Amino acid sequence: MLSTVISLKDVSKKYIMGGDTVFYALKNVNLEIKEGEYAAIVGPSGSGKSTLMHIIGLLDKPTDGKVIIGNKDISSLDDDATSTLRSEFVGFVFQQFNLLNKLTIKENILLPIGYARKKFDYNPEERAEYLMERFGILDKKDSFPNKISGGQQQRVAIARSLIMKPKLILADEPTGNLDTKTGNEIMELFGELNKEGITILVVTHEPDIAERTRRQIKIKDGEVVK
Amino acid sequence: MTYLGSILKSAITDFGKNKGRTFLTSLGILIGVMSVVLLMAAGAGLKVYISQQFESMGSNLLYVMPGNMFGEGGSGLSGADGGMAPLFVEKDIVTLKRLKGAEYVIPYYQKTVKASYVGTTKYATLNGTSEDAFPGNNFIAEYGTVFSSADNSAKNKVAVIGSNLAEKLFKDGSLAIGKKIRIDDQLFRVIGVLESKGGGGLGGPSFDDYIFIPYKTAYIFNTDKKFIQITVKAKTEEDLPVLKEEIMTELKKRIKTDEFSVVESTEILNTIGSIFSILNIVLVAIAAISLVVGGIGILNIMYVTVSERIKEIGVRRALGARRNDILWQFLAEAVVLSVFGGAMGLGLSATVVLFLRSFFPAYISWQSIALALGTSSVIGVVFGVFPAKKAADLSPIDAIRYE
């Protein structure tokens, strides 16, 4: 029996729009991500998938419902505790890579380490070297992000998301800024990582991309439609 | 690397990428720190300079002056004859000379005169004084000799002149001895030229431009036979208080208490010192305004930096940075910026002070170094905290979505 990485119970996110109008970005979402899953949250823009991703990524909190990680409802955690949990629980991969241009590739990959509050049972430097070697970017370790290609930048971002050995990789439109060939390479990389047991959740509006994962969570108007 | 080390490194790396902006932003602090440090250095130097001037005149001196306060209208020290009317007479000199603790009694009659020799005419300060003036003031004849009490009693028309005046009139001091100079309409024989005492410049003629003649001879000019000041040198420092009392007692027999005063050189030094300190504090306070202006420059640029880096803040938050991590990061940048300006200001001040030292003993004290670096860090914190708070309070989602 695989353990649950994160589960959402009746999660809603609503905004009071002025007057009595209430807008539901998410409505009664129930969702469970198991360890080792490779899933996609798919839906058109404005469907609420970004909000869902922010809640799963611990960047946002629901207005109703529970978010459970390791049998604990984390909605009640304060900002500092949430930040610390975020650093250990989730690794982000973004559409725009979001690397810091003034840091070298290696420094970018090691950036989350500086914010970690845990003791490491491995050497982060060595892990960074290993990830760079594995992703074919070791020769770029002292380069800066704006000096390398988009595909390489996304590999750096994936390495950065893995440096903390998080429970979940959350990839927001990871191929959106890449050409088809490079996008495919990135998706293949996710496939390989998943085979090694890493839990990956891809957020996308492209059905093609979603189909490359093993489970599609369709979302429309703030509700999960399966 | 420690947490502090890493945020400092990150702040410094950041400025490395933005050299021009960093320099311009810290320019305000640079100018502020520089003006404060320089004014403090100059103030400290001037104080040293003034006490050196006093020391060169000798210690254990009591100044007997008209009026019940010194300072106003010139004390007579630097030869200003304005303000107080001459008050003392020959009898006072004789009386004071008889006091046990008095080693030298030096009366002064002062007058600005025209001194000329073979067509060269210079303005000079004439002093009608006693032979005690020379040992009492540590005046030593470089050429010739100083006048004696016999010259005074005989009203000999002899003059001892300062080195500077001698050079002006005779090109070389040694040529002056035995020559007759015309002082206003009287002819005097130069018998001595004094060694240079330096100084002057600060609000009065230098001793090097003085002419000394026996006070009895000076009655040609001093028709009232009155003296503006009598300086009494005590035999020892221990004699000073008693001597001061005795002088008061003696003079009170003739003059009303509030018409004259007896002041120790240290009192004058302290008064000048405290006037300088107050003046210096005021100047430093004015200079400190530029530090505040510099701080506002930092405040401004830090707000710009935060707005430019909203996305970065979002990324850092997504990677696990806490609110305080962001706060410290931007605060560290503000402090580094400010201390960088402070350090450069200090460096430039040191250069200027080195240059100033050829004129007077200006120096940068440890206190002013600590003050400069301390103030600039405080300014960094005070003016950095608002932008840093703004950065820390950004919502992670808004920040990461920011384009």
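Quantities reported herein were computed from a predicted structural model and do not represent experimental measurements. By convention in this document, chain letters (A, B, ...) are assigned in the order of the sequence lines, proteins followed by strands, and residues within each chain are numbered from 1.
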Residue pair B/T351, B/F355: steps toward the side-chain contact (heavy atoms from CB on, under 4.5 Å) verdict: CA-CA 7 Å; B/T351 319; B/F355 172 74; over 6 Å; no

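In the displayed structure, A/N146 atom CG is contacted under 6.0 Å by more than 12 heavy atoms of other residues, nucleotides or ligands. Counting non-hydrogen atoms of neighbouring residues, nucleotides and ligands closer than 6.0 angstrom, the NZ atom of A/K61 exceeds 12 such neighbours.
When the options A/D64, A/V29, A/N30 are evaluated for a side-chain contact (heavy atoms from CB on, under 4.5 Å) with A/D10, the one that passes is A/N30.
Shortest non-hydrogen contact noted between A/L110 and A/P124 is CD2-O, 3.6 Å.
Taking the six-membered ring for Trp and thresholds of 30 and 60 degrees, A/F190 and A/Y38 have ring planes inclined between 30 and 60 degrees apart.
Heavy-atom distances place the side chain of A/L100, and not its backbone, under 4.5 Å from chain B. Interface remark: A/F94 contributes side-chain atoms only to the contact with chain B (heavy atom separation under 4.5 Å).
Identified by a heavy-atom distance below 4.5 Å to chain A, the contributing residues of residues 305-334 of chain B are B/R309, B/K311, B/E312, B/V315, B/R316, B/R317, B/A318, B/L319, B/G320, B/A321, B/R322, B/R323, B/D325, B/Q329, in residue-number order.
Between the side chains of B/K47 and B/S277, at least one donor N or O lies within less than 3.5 Å of an accepting N or O.
Taking chain B as the reference chain and counting heavy-atom pairs below 4.5 Å, the highest number among A/R160, A/E88, A/E107, A/M164 is found for A/R160.
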